[in-house]
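Reading through the C-alpha cells given below for one structure.
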Amino acid sequence: MRRIALIDVNNFYVSCERVFQPRLEGVPVVVLSNNDGCVVARSAEVKALGVAMGMPWHKMQDIAKEHGILALSSNYTLYGDMSRRVMNVLAQFSPDQEVYSIDECFLDLTPQPHVEPTELGKTIRQRVRQWVGVPVSVGVGPTKTLAKLANHVAKKRTEWRGVCDLGTLAEPALDDLLGSIGVREVWGVGHRTEAKLLEQGIKTVADLRAMDAAAVRRGYSVVLERTVRELRGTACIALEDHAPNKQQIICSRSFGAPVYSVEELSESVRAYMSRAAEKMRRQGSIAGAIGLWIETNRFRPQDAQHHPAVTVSLPEATDDTLRLVAMATRLLRRIHRSGYRYVKAGVVLLELRERGVRQGSLFDTTPVLDSKRDRLMSVLDQASQKWGRGTIAPGSAGLAAPRAWAMKRGSMTPAYTTRWDELVTVKA
DNA sequence: TCTGGGGTCCTAGGACCC
DNA sequence: TCTGGGGTCCTAGGACCC
C-alpha cells in the first residue's frame with residue numbers, strides 16, 4: 001500500500017502577507033486578482049462571513065465596510081518566493097516530491113515505512129511555521145485523491161488538528177467519515193459533475209466510492225472512473241517528481257482601462273509575447289505555432305461585442321522574441337476592428353518542442369544555429385531576471401509612461417523578500 | 001466604473017485517405 | 001437494386017484544477 005501525503009498552506013496569499021504584517025492577524029483580509037478585480041484568497045474570518053472565492057470586489061463593498069474587510073492587491077513576486085521556501089522545507093521530508101501548485105505538494109512516504117504519518121505531519125507543521133512563518137495542513141492516504149481528501153478533513157475538522165491520516169481509520173469509521181463529506185469535495189468533481197451525480201442520488205464521497213467503476217465510465221467519463229478507483233485505494237494517478245515541460249504557454253491580461261486603438265493593443269501584445277517567449281526559453285522549447293486573441297467586455301451588454309481569435313503555424317519553429325512579436329503584431333492588425341472597446345488581450349505559444357530538435361525550413365536562409373540572435377535573447381532574459389520584467393523589450397513594449405492597458409494595483413505590499421530596498425526593518 | 005490568469009486531459013465530430 | 005467502413009489527424013469545446 002502506498003502512502004502519499006498532500007501538504008498545503010492555509011489561505012496561502014493571506015498567510016504570506018501576514019508574515020510581514022502581523023497586524024493583519026485576526027483581521028478579515030482578502031487578496032485580489034490582477035486589476036483588483038475579484039477575490040482570490042480569503043482569511044478564515046472572511047470565509048466565515050460567507051464570501052465566496054472569485055467574488056468581484058466591487059460587488060462586496062457593503063459587506064466589506066460592515067465588517068472592516070481589508071483588501072490587498074496580489075503580490076505574486078512575494079508569493080512565488082515564499083512558495084519556493086515552503087517547498088524547500090517540505091523537500092527535506094521525502095526525496096519524492098511533486099510540487100503541484102504554488103501552495104501545495106505531494107510527498108511519497110512509501111519508501112519510509114518506519115515513519116508514523118501523524119507524527120511526521122506534526123513535525124512538518126511546526127517546522128514550516130517556524131522556518132517560513134505560514135500554517136500548513138497535512139493529509140495522508142494511499143492515493144493522491146485520498147491524500148487530497150484527507151487534507152480537506154485535516155483543515156475542516158478541528159478534532160484532527162491539521163493532520164489527517166486516513167490510514168488510521170478502520171473501514172466502518174472511514175465509511176462514516178466519507179459518508180459525511182459532500183461529493184463536491186473530491187478532487188476532480190466540479191460543479192457540473194456534482195449536479196449530475198446529485199440527480200442520480202449520489203450525495204456523499206461514500207456514495208461515489210461505492211459506485212460501479214464500469215458504469216461510471218459509461219455514464220460519466222474515464223476521468224471520473226479513475227477518481228472512483230482512487231477513492232477505493234487503487235492508484236491511478238502517478239506522482240510526477242519532475243515537472244514536464246509545458247505543452248503550451250499563455251500570457252493574457254485584462255487591461256487597467258479599456259483600449260481602442262490598434263497601436264495601444266499592439267503594445268500590450270508585444271509585452272505579453274515577450275513574457276511568454278521568456279518563459280518558453282526558460283524551459284528550452286521553441287514554438288511551432290502561435291495564437292492571439294482580444295476581447296471586449298462580456299459583462300456589458302450595452303457594448304458592441306467582438307472576441308476575435310486566430311492561430312497560425314510558423315514557417316519555422318522559433319524561440320526568438322523578435323520574430324514572435326513581429327508575427328503577433330501582424331495577426332493583431334488582421335483581427336482588430338476599430339470602434340470596439342477592448343478590455344483584454346492574450347497570446348499563446350503552441351506546438352512546443354525541444355529546442356534541440358528544431359527543423360530548418362527548406363526556404364529559410366538563416367542558419368539553424370543563429371548565434372547572434374541567441375546571444376541577444378540571452379541578454380534579454382538576463383536583464384529581465386536582474387532588473388525585472390519589461391526592463392528591455394522589443395519596440396519599447398510598454399515601458400516608462402503609464403499605459404491604459406497596464407494593470408491596476410491599488411494596494412500592493414512591498415517586495416519584502418526579493419528587493420534590498422524593500423526589506424522589513426526590525427526596530428530594537 | 002469595477003468580474004483573474006494559467007494550465008491539463010478527454011471527447012466528439014469533421015476532413016481526409018484508402 | 002445495391003451507394004462502405006475503418007483508420008488517422010486535427011480542432012473546438014467541455015470539464016476540471018489552483
Side-chain angles (χ1 to χ4, degrees), chain A residues 6 8-13 30-42 51-62 64 71 73-76 79-80 83 98-106 144-145 148 151-152 183-197 217-218 220-227 236-238 240 243-258 272 275-276 279-280 283 288-289 291 293 295-303 309-313 341 343-352 404 407-410:
Chain A
L6 186 272
D8 76 350
V9 182
N10 305 342
N11 318 323
F12 181 54
Y13 298 168
V30 296
V31 173
L32 303 177
S33 63
N34 286 337
N35 291 311
D36 297 340
C38 52
V39 171
V40 291
R42 305 155 293 161
V51 172
M53 181 76 169
M55 187 178 282
W57 175 237
H58 71 91
K59 277 193 180 168
M60 46 179 285
Q61 291 310 299
D62 291 348
S73 304
S74 38
N75 184 345
Y76 283 105
Y79 311 148
S83 171
E98 176 189 348
V99 176
Y100 177 67
S101 77
I102 192 164
D103 77 324
E104 64 189 299
C105 77
F106 293 98
K144 287 168 91 173
T145 303
K148 282 281 250 182
N151 180 278
H152 167 82
V183 82
R184 182 61 217 270
E185 304 304 332
V186 174
W187 189 37
V189 177
H191 77 277
R192 301 271 170 154
T193 305
E194 180 197 26
K196 197 166 160 186
L197 286 168
R217 186 184 202 125
R218 267 183 274 113
Y220 295 81
S221 64
V222 298
V223 180
L224 194 66
E225 183 199 12
R226 277 203 285 265
T227 299
C236 303
I237 306 171
E240 292 175 23
N245 278 347
K246 304 274 184 245
Q247 300 177 35
Q248 56 179 56
I249 292 172
I250 294 176
C251 184
S252 82
R253 296 275 186 285
S254 297
F255 305 138
Y272 302 164
R275 173 86 189 105
K279 281 198 250 178
M280 177 170 64
Q283 70 168 33
W293 67 94
E295 297 175 24
T296 49
N297 191 340
R298 296 166 195 269
F299 298 99
R300 285 169 56 100
Q302 68 270 37
D303 281 9
V310 60
T311 62
V312 292
S313 296
R341 186 178 183 277
V343 297
K344 185 175 182 176
V347 301
V348 56
L349 299 171
L350 299 158
E351 287 174 27
L352 301 193
M407 219 188 284
K408 257 191 316 203
R409 293 199 285 202

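These values consider heavy atoms only, across backbone and side chains, with no hydrogens, waters or symmetry-generated copies.
Residue contacts for Val186(A): at a heavy-atom cut-off of 4.0 Å it reaches the sugar-phosphate backbone alone, with no base atom in range. Within the nucleic acid shown, Arg341(A) comes within 4.0 Å of sugar-phosphate atoms alone, with no base atom in reach, counting heavy atoms only. Contact annotation for Asp36(A): no contact, since no heavy-atom pair falls under 4.0 Å across all strands. Contacts of Ile249(A) with the nucleic acid, taken as non-hydrogen atoms under 4.0 Å apart, involve only primed sugar atoms and P, OP1 or OP2. Using a 4.0 Å heavy-atom distance criterion, Trp57(A) is classed as making no nucleic acid contact. At a threshold of 4.0 angstrom between heavy atoms, the contacts of Gln248(A) include nucleobase atoms, whether or not backbone atoms are also involved. Looking at heavy-atom distances under 4.0 Å, Thr193(A) makes contact with sugar-phosphate atoms alone, never a base. Within the 4.0 angstrom heavy-atom criterion, only backbone atoms of the sugar-phosphate kind lie near Lys246(A); the bases stay farther away. When heavy atoms are screened at a 4.0 angstrom cut-off, Lys196(A) is found touching no nucleic acid atom at all.
With a cutoff of under 4.0 Å to any heavy atom of chain A, the contacted region of DNA chain B is bounded 5' to 3' by dC2(B) to dT11(B).
For the pair Ser83(A) (side chain) and Ile102(A) (backbone), a donor-acceptor distance under 3.5 Å is present. A donor-acceptor pair under 3.5 Å links the side-chain atoms of Arg42(A) to the main chain of Val51(A), judged by distance alone. Of the possible polar contacts, one joining the Asn245(A) side chain to the Gln283(A) backbone as a donor-acceptor pair under 3.5 Å is found. Put simply, the side chain of Gln61(A) gets close to the backbone of Trp57(A): a donor and an acceptor are under 3.5 Å apart.
Nucleotides dC18(C) and dT3(B) are separated by 25 Å at their P atoms, to the nearest Å.
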5'-to-3' dot-bracket of DNA chain B (Watson-Crick, G-U; under 3.5 angstrom; crossing pairs as [ ]; | other strand):
....||||||||||||||
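For Tyr220(A), there are no ring-ring contact (aromatic ring centres under 6.0 Å, His included) partners, not counting sequence neighbours. Residues passing the ring-ring contact (aromatic ring centres under 6.0 Å, His included) test with Trp187(A) are Tyr100(A), Phe106(A), sequence neighbours excluded. Judged as a ring-ring contact (aromatic ring centres under 6.0 Å, His included), and not counting sequence neighbours, the contacts of Tyr79(A) are Tyr13(A), Tyr76(A).
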Using atom types as modelled, flag every donor-acceptor pair under 3.5 Å from a side chain in residues 30-39 of chain A to any protein atom, sequence neighbours excluded.
| unit_1 | atom_1 | unit_2 | atom_2 | d |
| --- | --- | --- | --- | --- |
| Ser33(A) | OG | Gly37(A) | N | 3.4 |
| Ser33(A) | OG | Cys38(A) | N | 2.9 |
| Ser33(A) | OG | Cys38(A) | O | 3.4 |
| Asn35(A) | OD1 | Lys408(A) | N | 2.8 |
| Asn35(A) | ND2 | Ser254(A) | O | 2.8 |
| Asp36(A) | OD1 | Ser73(A) | OG | 2.8 |
| Asp36(A) | OD2 | Ser73(A) | OG | 3.4 |
| Asp36(A) | OD2 | Gly410(A) | N | 2.7 |

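Residue Ser252(A) is the one, among Ser221(A) and Ser252(A), whose nearest nucleotide of DNA chain B lies closer to the 5' end (criterion: closest heavy atom). Nearest-nucleotide positions on DNA chain B for Arg300(A) and Asn34(A) put Arg300(A) closer to the 5' end.
Shown here for Cys251(A) and Arg275(A), the closest heavy-atom pair between the two residues is SG-CG, 3.9 Å.
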